[in-house]
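This is a predicted model, so every value here is computed, not measured.
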Amino acid sequence: MEVREPDGATVAMGEPVAAGAACVAEPPRIRRLDESVVNRIAAGEVIQRPVSAVKELVENSLDAGSTSISVVVKDGGLKLIQVSDNGHGIRSEDLPILCERHTTSKLSAYEDLQSIKSMGFRGEALASMTYVGHVTVTTITEGQLHGYRVSYRDGVMEHEPKPCAAVRGTQIMVENLFYNMIARRKTLQNANDDYAKIVDLISRFAIHNSNVSFSCRKHGVNRADVHTVTTLSKLDAIKTIYGISVARDLMEITVSDDNPSRSIFEMNGFISNANYTAKKTTMVLFINDRLVECTSLKRAVEVVYSSTLPKASRPFIYMSINLPSEHVDVNIHPTKREVSLLNQESLIETIQNAVESKLMTCNTTRTFQTQTVSCAPASNFTARKDTEISPSISGTKSQKVPVNQMVRTDSRDPFGRLHAYWQDCPASQHEKKSDLASVRIAVRQRRNPRESADLTSIHELLNEIDQNIHPGLLEIVKNCTYIGLAEEVFALLQHNTHLYLVNVVNVSKELMYQQVIRRFAHFNAIQLSEPAPLPELLILALKDEDLESGGDNDDELRKKIAEMNTELLKQKGEMLEEYFCININQEGNLMRLPVILEQHTPDMDHIPEFLLSLANDVDWENEKECFQAISAVLGNFYAMHPPVLPNPAGDGIEFYKKINGKAASIDDADDHGQDDLDQELLAEAETAWAQREWNIQHVLFPSMRLFLKPPKSMATDGTFVQVASLEKLYKIFERC
């Protein structure tokens with residue numbers, strides 16, 4: 001029998017078909033994955049990013065009955081996560097199986113999930129961490145004479161538990177997270193973003209668990225970003241973490257339902273009122289004391305706010321919902337971020353109606369915060385006539401102010417400056433920026449001063465600053481109006497009817513010195529993009545010193561001096577790092593510098609002189625003189641000196657003319673056009689001088705008003721010089 005194919009060919013039944021005619025491929029074989037591969041895949045699902053590991057560890061600490069939990073993080077959690085608590089600890093006999101998968105003390109049978117009250121139950125978290133990081137556990141239980149420390153890798157102990165000194169509770173360190181997952185690690189390079197997520201997580205736990213004290217800080221930083229103490233009030237916890245401006249706009253809400261046909265639950269918490277405004281919704285939700293997310297509930301509450309309070313449609317919400325354990329399925333998400341609720345739609349509808357009712361009853365009034373501003377008589381603006389001051393509250397008119405004593409500027413006005421009259425010159429990029437940010441930072445520092453180290457010498461230096469204040473100069477500094485730069489080192493200030501020339505270098509040097517003393521041992525850091533080798537920089541400084549003094553050109557002597565100074569600074573490196581945030585590593589490289597004024601970085605061209613002064617001008621034996629000298633050296637380094645390149649404005653332009661065979665004479669200077677200028681060097685100089693002028697106007701003078709306490713010496717050393725008086729000028733003009 002023959003069968004006709006579609007192309008017309010015939011194939012006899014029973015005849016073999018050629019191997020090439022077969023078009024169906026063989027199915028791939030199914031293989032059993034290696035156990036290490038399985039565990040690593042599972043670990044990547046449970047520990048998705050550093051904040052996942054912190055959440056698991058904090059939940060374990062809470063399950064252990066801790067009343068104090070401390071979290072330390074380095075590089076957003078990739079380098080180090082350390083969670084310490086004072087809970088009941090871990091038995092020494094349980095340490096061998098502590099980090100194996102599916103080992104837990106929370107349940108023993110599947111039926112226990114129906115009534116589980118602890119936050120952990122799978123026994124996967126610690127095991128997962130050992131497959132993607134290096135885990136070290138230190139623990140001690142009550143009654144033990146010493147604790148035990150053991151390290152884990154791939155779910156097993158790397159060595160037997162070692163006896164060690166320990167405080168009550170458990171400390172777990174996770175180092176080099178995702179060291180073996182290159183793709184995952186590359187996607188988590190933003191350490192600040194991951195640290196912000198960890199801070200937000202700890203803040204949420206601290207609100208709900210107000211009977212537990214929490215702290216969270218970066219490794220190597222003394223000040224914690226989250227620090228709470230035990231309190232009985234959730235509102236106090238919110239006030240501590242999110243601030244009083246959030247807490248005062250919250251109102252308490254409670255709702256419950258005990259109808260089995262709908263839902264059985266109790267909810268209590270706080271929601272924001274009509275006065276609260278924010279750019280995004282903040283929702284802190286706990287279900288049966290478990291931190292979770294519920295998108296449908298969040299969306300339902302946002303709908304209520306949008307329809308009821310359109311201007312406050314991004315609310316702050318804290319809710320704690322308690323349901324019977326059998327009505328909650330906690331085992332639906334790898335990281336336990338979500339749960340499934342029985343009669344969830346009915347529960348959300350009940351809460352939505354309760355929120356709507358609460359908002360409808362609270363929207364009758366709005367609260368506005370006001371602040372009274374008292375104006376000094378010397379800076380009042382006239383409303384009707386130039387020669388009259390506005391009538392007082394009692395209705396009686398005050399006496400006329402003579403025209404030669406009137407003050408037509410307001411020291412609080414940031415725009416009363418010389419630049420406002422330069423209409424023909426386009427504003428530079430720096431001038432377009434507002435100094436509002438720097439003022440806010442300065443005000444924040446003034447209202448929340450950091451505690452200085454408790455050293456007698458520092459208190460003595462602070463007292464000397466306070467006792468040496470010149471009252472007249474202090475009044476000028478606090479209530480002056482910045483006019484503009486008069487020349488390279490002098491700026492113009494107006495105070496009442498007087499005009500002053502102020503030496504910018506001297507003022508900035510004194511301000512920086514005082515700031516170093518005030519912020520002693522509490523500096524933020526400027527990380528240098530590349531390590532700065534001390535020996536090379538010191539040799540540069542010594543060469544410049546020899547050129548100025550006309551000394552001999554002995555390279556070997558300079559090298560020897562540089563090596564001695566490098567060794568000295570390396571020996572003092574620990575003290576410089578702790579008190580002044582000057583980091584010098586063991587290889588003799590400068591790594592970090594302190595932040596003395598926000599938005600201001602020193603001129604790095606002066607680093608060689610700074611290091612040479614630090615090595616030669618400091619008396620390292622006497623504590624007070626040592627701190628004073630280091631502060632003075634820092635103040636001189638951070639002072640706003642003129643840039644190294646000459647000012648292109650005026651005669652300084654001669655420096656940037658190209659020399660072709662011979663120097664250009666002054667007589668034919670006007671014959672040279674723009675083509676004869678070194679445009680690259682000229683652009684660099686213009687940028688440097690513009691940056692300095694912007695810093696003086698927007699950083700130095702706002703900070704000077706707030707922080708500078710001018711010493712008496714400034715009244716006689718030419719730092720402040722009165723150049724004009726309105727009363728005297730009127731006398732001169734009257735003669736003309």
Side-chain angles (χ1 to χ4, degrees), residues 72-75 191-192 195 216-225 227 437-462 465 508-529 531-532 534 569-570 572-585 589-604 606-607 610-611 613-615 617-618 620 623-640 695 699-700 702-704 706-709:
V72 178
V73 177
K74 184 177 182 181
D75 286 355
N192 291 331
Y195 182 68
C216 178
R217 63 181 176 87
K218 291 183 179 179
H219 181 265
V221 177
N222 294 328
R223 189 176 182 182
D225 293 288
H227 180 70
S438 61
V439 173
R440 284 176 174 169
I441 292 170
V443 170
R444 196 179 306 125
Q445 291 175 355
R446 181 181 63 177
R447 292 178 177 174
N448 303 293
R450 299 182 177 184
E451 295 180 0
S452 62
D454 190 17
L455 295 176
T456 305
S457 56
I458 293 299
H459 290 297
E460 290 177 357
L461 291 172
L462 289 171
I465 293 173
S508 59
K509 190 183 300 184
E510 180 65 26
L511 175 63
M512 302 299 176
Y513 166 77
Q514 294 182 11
Q515 283 295 91
V516 172
I517 299 296
R518 289 191 194 99
R519 303 183 70 172
F520 183 81
H522 289 86
F523 293 98
N524 293 327
I526 300 173
Q527 182 71 42
L528 301 187
S529 58
L534 264 64
L569 293 178
K570 284 166 61 177
K572 307 299 180 182
E574 185 176 354
M575 183 271 286
L576 292 172
E577 168 72 13
E578 181 178 0
Y579 291 150
F580 298 97
C581 198
I582 301 173
N583 179 261
I584 298 173
N585 63 16
N589 295 320
L590 179 65
M591 307 297 291
R592 285 194 296 273
L593 290 168
V595 175
I596 297 178
L597 275 186
E598 301 295 336
Q599 293 190 321
H600 172 62
T601 54
D603 187 348
M604 296 303 172
H606 296 289
I607 282 186
F610 162 67
L611 293 173
S613 297
L614 193 62
D617 300 343
V618 177
W620 301 97
E623 181 179 273
K624 180 180 175 181
E625 280 73 11
C626 175
F627 292 157
Q628 187 176 29
I630 295 175
S631 301
V633 171
L634 280 169
N636 184 59
F637 175 42
Y638 280 73
M640 296 187 180
N695 284 337
V699 178
L700 175 62
S703 301
M704 181 188 77
L706 294 170
F707 299 124
L708 180 64
K709 297 180 179 179

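Of all heavy-atom pairs spanning S703 and L511, the tightest one is CB-CD2, 4.1 Å. Considering every non-hydrogen atom in both L534 and L590, the closest pair reads CD1-N, 3.4 Å. Residue L611 comes nearest to L569 through the heavy atom pair O-CD1, 4.1 Å, listed as atom of the first residue, atom of the second, then distance. I526 and P594 make their closest contact through CD1-O, 3.6 Å (heavy atoms, listed as atom of the first residue, atom of the second, distance). Across every non-hydrogen atom of W620 and L614, the tightest pair is CZ2-O, 3.3 Å. Nearest approach of V595 to R519, heavy atoms of both residues: O-NH1, 3.6 Å.
With sequence neighbours left out, K218 forms a side-chain hydrogen bond (donor to acceptor under 3.5 Å, both in side chains) with no residue at all. Every residue meeting the side chain to side chain contact (heavy atoms under 4.5 Å, CB included) condition with V516, not counting sequence neighbours, appears here in chain and number order: F523, F580, I596, S631, L634. With sequence neighbours left out, N695 forms a side-chain hydrogen bond (donor to acceptor under 3.5 Å, both in side chains) with Q691.
To the nearest 0.5 Å, atoms CD (Q599) and OG1 (T601) are separated by 10.5 Å. Considering CD1 of I517 and CE of M512, their distance stands at 14.0 Å, rounded to 0.5 Å. Taken from NZ in K570 to NZ in K572, the straight-line distance is 14.5 Å, to the nearest 0.5 Å. If you take CG on L528 and CZ on R592, they are separated by 9.5 Å, rounding to the nearest 0.5 Å. The CD1 atom of I630 sits 11.0 Å away from atom CG of D617, with the distance rounded to the nearest 0.5 Å. A distance of 4.0 Å separates CZ of F627 from CZ of F520, quoted to the nearest 0.5 Å.
Between the side chain of Q514 and the main chain of K709, a donor-acceptor pair closer than 3.5 Å is present. Remark: the backbone N or O of M604 is not paired with any side-chain donor or acceptor of H606 at under 3.5 angstrom.
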>> Please evaluate residues I582 and F610 with respect to the criterion side chain to side chain contact (heavy atoms under 4.5 Å, CB included), reporting the C-alpha separation (whole Å), side-chain torsions for both, the decisive distance (0.1 Å), and the verdict.
In response: CA-CA 12 Å; I582 301 173; F610 162 67; 4.0 Å; yes
>> Pair R518, L462 - check side chain to side chain contact (heavy atoms under 4.5 Å, CB included), show working.
In response: CA-CA 7 Å; R518 289 191 194 99; L462 289 171; 4.0 Å; yes
>> Assess the residue pair V633 and F637 against the criterion (side chain to side chain contact (heavy atoms under 4.5 Å, CB included)); give the C-alpha distance rounded to whole Å, side-chain angles, the decisive distance to 0.1 Å, and a yes or no.
In response: CA-CA 6 Å; V633 171; F637 175 42; 5.5 Å; no
> Are Y638 and L597 close enough, and set up right, to give a side chain to side chain contact (heavy atoms under 4.5 Å, CB included), and what steps lead you there?
Replying inline: CA-CA 9 Å; Y638 280 73; L597 275 186; over 6 Å; no
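With respect to E460, the side chain to side chain contact (heavy atoms under 4.5 Å, CB included) criterion is satisfied by exactly one of K624, E623, Q628: K624.
In the displayed structure, Q527 atom CD is contacted under 6.0 Å by more than 12 heavy atoms of other residues, nucleotides or ligands.
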